[in-house]
Amino acid sequence: MTDTEYAKAIKVKATVANLEMNAALTTEQQAQIGQDFIADIVELSERGIGSETNDD
């Protein structure tokens, strides 16, 4: 995944998380959305930040 692809993926995840936060009815829902967002970023990082030879 190139740096550009990584940045775009984070931007999409952040946009989705923001929309979900706006729709969340409780702080518990907001906390879960935040945890899910962090997990998504960790998953992206594990795929190889800036690794142009990584085909994941």
Side-chain angles (χ1 to χ4, degrees):
M1 176 178 282
T2 67
D3 290 342
T4 301
E5 292 168 332
Y6 181 72
K8 286 179 183 178
I10 289 177
K11 185 175 180 180
V12 169
K13 300 269 183 200
T15 299
V16 170
N18 185 45
L19 292 170
E20 289 175 341
M21 281 288 197
N22 290 337
L25 301 177
T26 66
T27 55
E28 289 82 8
Q29 288 173 328
Q30 291 176 339
Q32 185 61 54
I33 292 163
Q35 290 173 353
D36 291 347
F37 175 72
I38 292 168
D40 287 345
I41 300 308
V42 169
E43 181 182 333
L44 285 171
S45 296
E46 289 174 350
R47 290 184 187 177
I49 302 170
S51 176
E52 298 197 26
T53 59
N54 189 347
D55 293 330
D56 291 42

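The first residue of the sequence shown is numbered 1, and numbering continues consecutively from there. These figures come from a predicted structure and were not determined experimentally.
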- Query: Please, which pairs that meet side chain to side chain donor-acceptor pair (under 3.5 Å) have at least one residue in residues 9-19, sequence neighbours excluded?
  - Reply: none
- Taken to the nearest 0.5 Å, the spacing of E46 CD from I41 CD1 works out to 12.0 Å
- Where F37 and A17 come nearest, the two heavy atoms and their spacing: CD1-CB, 3.9 Å
- Between Q29 and A24, the two heavy atoms sitting closest are OE1-C, 3.4 Å
- Item | Side-chain cluster (under 4.5 Å, hydrophobic types only) that I33 belongs to, other residues | M21
- Message: Using 0.5 Å steps for rounding, measure from the OG atom of S45 to the CD1 atom of I38.
- Response: 11.5 Å
- Message: Strictly by salt bridge (Lys or Arg N to Asp or Glu O under 4.0 Å), give each pair with a member in residues 17-39 just once, sequence neighbours left out.
- Response: none
